[in-house]
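What follows is a set of notes on a single structure, which appears directly below.
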There are 2 protein chains.
Amino acid sequence: MDYAHRKSSRLIRLTDQTGNPLSNTEVSFDQTKHEFLFGCGAGDAVTAANPVGDARADAIATERLEKWLKIFNYGTTHFYWDRFEPKRGEPRTDILMRGAKLLKDRGIPVKGHPLCWHTLAPKWLMDLTEDEILRELLARIERDVTAFRGVIDIWDVINEVVIMPVFDKYDNGITRLCRKIGRFGIVDQVFRKARACNPDATLLLNDFNMSQSYEILIEGLLDKGVPIDVIGLQSHQHQGYWGLEKLEEVLTRFERFGLPIHFTENTFVSGELMPPEIEDLNDHVVDSWPSTPEYEIRQAENIRDMYSVLFAHPLVKGITQWDFTDGCWLGAPSGVIRADGSIKPAYEMLDRLVNHEWHTSFAAKTNADGIVDLTGYRGEYRIFCGDRTGSMILADGDASAIIAAVADR
Amino acid sequence: MDYAHRKSSRLIRLTDQTGNPLSNTEVSFDQTKHEFLFGCGAGDAVTAANPVGDARADAIATERLEKWLKIFNYGTTHFYWDRFEPKRGEPRTDILMRGAKLLKDRGIPVKGHPLCWHTLAPKWLMDLTEDEILRELLARIERDVTAFRGVIDIWDVINEVVIMPVFDKYDNGITRLCRKIGRFGIVDQVFRKARACNPDATLLLNDFNMSQSYEILIEGLLDKGVPIDVIGLQSHQHQGYWGLEKLEEVLTRFERFGLPIHFTENTFVSGELMPPEIEDLNDHVVDSWPSTPEYEIRQAENIRDMYSVLFAHPLVKGITQWDFTDGCWLGAPSGVIRADGSIKPAYEMLDRLVNHEWHTSFAAKTNADGIVDLTGYRGEYRIFCGDRTGSMILADGDASAIIAAVADR
């Protein structure tokens with residue numbers, strides 16, 4: 001695999017606090033964060049940010065969050081409308097805001113997922129006409145995108161549009177609206193509203209449908225001028241790893257738009273696979289779904305195989321592990337830690353990839369002008385220079401030197 | 001099956017040539033043509049209109065055309081660009097014009113198929129840039145739609161767009177263009193050009209892809225304002241009849257646009273079925289593909305079953321039998337007459353449906369004002385009134401009386 005495109009080479013000019021170059025000085029650089037988004041569902045951050053007052057429970061939440069932060073640098077928080085605003089006019093803004101701010105304070109960008117989806121649409125929409133549903137939907141987007149602006153600047157704006165108008169598991173207001181104004185109509189409306197409320201936000205279209213239908217939908221939306229920043233691809237693999245061939249085929253088909261790609265919802269289970277004949281994953285209901293040592297190895301290998309391909313693809317800018325802890329969605333052993341909080345081989349694999357294999361540590365001596373030449377994975381770095389430390393960001397950029405000041409610890 | 005929506009009830013006021021009502025007079029009406037388009041490939045009309053000077057060959061062509069005219073009222077003529085203009089700047093306009101005019105003179109509306117398609121794109125496009133290809137394509141549409149206006153006012157504007165940019169059997173100029181400007185770009189360009197050159201034309205989008213991809217493509221094109229008049233669905237069934245379930249499922253999915261639907265290319269074979277594993281029908285090459293008595297019955301039954309469902313669907317406005325004679329496309333026994341010109345059970349079935357089962361003959365006596373009340377399948381009628389005859393069109397309309405004058409034979 002070639003990961004050279006994830007790296008940059010820049011001259012770094014070391015100075016002291018007053019701007020004097022640190023000539024002929026031993027210096028080391030240690031990467032502390034990736035530019036690439038290694039993401040995960042961030043329910044634990046929301047839990048940790050909203051302590052219940054039970055010392056043991058709160059300690060567990062904090063401990064889980066620390067484990068989370070060690071391998072992830074990007075969090076997905078859940079804005080499912082029916083759960084966020086089960087009673088019309090009473091959104092649970094505060095709870096999510098505390099969780100999102102906690103992550104932001106740790107330098108973790110946060111995504112809100114999703115602003116519009118037929119599943120978990122609030123039941124109170126069912127009493128409204130389609131015109132009223134559209135008004136409520138746009139008002140919800142305006143309220144939430146505006147409230148979280150600066151804390152959450154990445155949004156899954158709309159989820160699973162390919163199936164939206166033909167979704168028939170239960171009647172709901174969003175499917176009704178989509179039938180009325182069409183896929184192109186609803187996507188256009190929600191994206192324009194989100195963009196208007198946060199012009200600097202990164203806006204995703206997200207789907208599990210990897211067929212030509214999704215391609216043509218995207219093609220038509222871009223042709224229409226809908227402001228899509230990132231193509232979101234779900235990859236829940238409860239029925240087994242797609243494998244290299246399918247993965248490359250999907251990449252080939254979706255890379256042609258030239259837009260950044262996020263793997264927004266990635267799942268591998270460390271237990272029995274879901275039977276292949278299940279079409280809607282939600283239809284698979286089991287009493288228990290144990291994680292086993294054998295399958296934990298498989299899960300870790302799946303992660304290694306898939307992440308290696310995606311990290312090598314220039315347009316892929318992020319991969320989000322859907323569940324942090326086993327037993328969440330569908331009760332599946334799909335986390336990277338077990339239900340008891342112990343880490344799994346999948347966690348160790350991610351730690352190895354993110355913090356070791358694809359990680360830059362570098363030591364050198366500055367020249368007479370205090371300059372060293374650094375080539376490393378883009379992201380944030382901590383600088384150590386004798387008793388002094390500093391930090392810098394290695395980003396893609398011109399050939400100019402990065403000036404990094406170090407100060408006493 | 002309910003075919004009531006294919007009928008109209010109107011008061012018919014019979015007059016003589018000077019406008020006097022024909023009171024208390026025996027009159028009979030005999031339907032001579034359907035409003036519904038019972039179509040077929042019209043290569044035989046082109047052949048008949050372009051006699052080669054060989055008396056026997058020309059007599060065969062004329063005889064075939066008469067058979068054709070007995071059961072069909074709508075013809076598809078082939079404008080495959082590579083055959084129509086193999087040498088740039090030398091289109092075979094005259095040949096097709098003679099064929100189209102021959103049909104028009106017999107009261108048969110003619111469709112041109114297609115104006116844009118990756119298959120049979122002229123090889124000389126390959127020397128051009130995409131910008132030049134687009135110019136040539138639009139110039140071709142302007143030239144041909146303008147030249148045939150008034151003779152051909154129905155066009156398959158673009159064919160098989162779903163597969164167009166990913167078509168990989170051979171490199172060609174149209175696929176290159178579609179990759180450059182996208183499906184939505186190319187469809188928009190060719191439809192707007194066709195509409196500009198013949199504002200009254202009926203413009204079809206045509207595809208064999210019956211999946212959700214085609215639905216979403218149509219949805220996006222309509223959202224974009226592309227002037228599509230009719231949704232064209234191909235139904236080549238060399239691998240066997242779709243069956244009622246698939247047929248109804250397809251109708252359910254494509255009726256939601258509220259646009260007229262044409263089954264533009266319908267095929268049933270009266271021989272062995274093509275193996276199910278063949279994906280591109282063109283890949284099935286056989287030395288001979290005989291028509292057998294047993295399978296000729298099956299073909300006729302397939303026609304009965306499918307036409308009965310489609311004739312009952314209010315949005316379906318036409319069905320075109322792709323091949324008139326066996327052994328044309330793919331060498332398949334897919335005609336309604338055999339290669340030797342003899343009629344097949346499929347022909348007899350169409351004759352039975354079109355000219356008998358779904359046909360109106362009506363006799364009555366006019367009242368004192370010369371009026372009779374006629375309920376019949378919409379279309380053209382011949383009127384017989386003693387020694388006098390006339391004609392009329394029974395169309396959907398208001399409750400006003402149709403005034404029909406009869407004259408001496």
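Protein chains get the first letters and strands the later ones, always in sequence-line order, with residue 1 at the start of each. The basis for the numbers below is simple: all heavy atoms, side chains too, and nothing from hydrogens, waters or symmetry mates.
With a 6.0 Å radius and a threshold of 12 heavy atoms from other residues, nucleotides or ligands, A:Glu245 has its CD atom at or below the threshold. More than 12 heavy atoms of other residues, nucleotides or ligands shown are found within 6.0 angstrom of CD on B:Glu277.
When each of B:Arg253, B:Gln212, B:Arg183 is scored by its heavy-atom pairs under 4.5 Å with chain A, the top score falls to B:Arg183.
If you measure heavy-atom distances from A:Val162 to chain B, the contacts under 4.5 Å come from both the backbone and the side chain. B:Arg256 touches chain A through its side chain: at least one heavy atom from C-beta onward sits under 4.5 Å away, while N, CA, C and O do not. In this structure, the portion of B:Asn209 lying under 4.5 Å from any heavy atom of chain A is its side chain and not its backbone.
Here the shortest heavy-atom pairing between B:Ile216 and A:Phe184 reads O-CE1, 3.4 Å.
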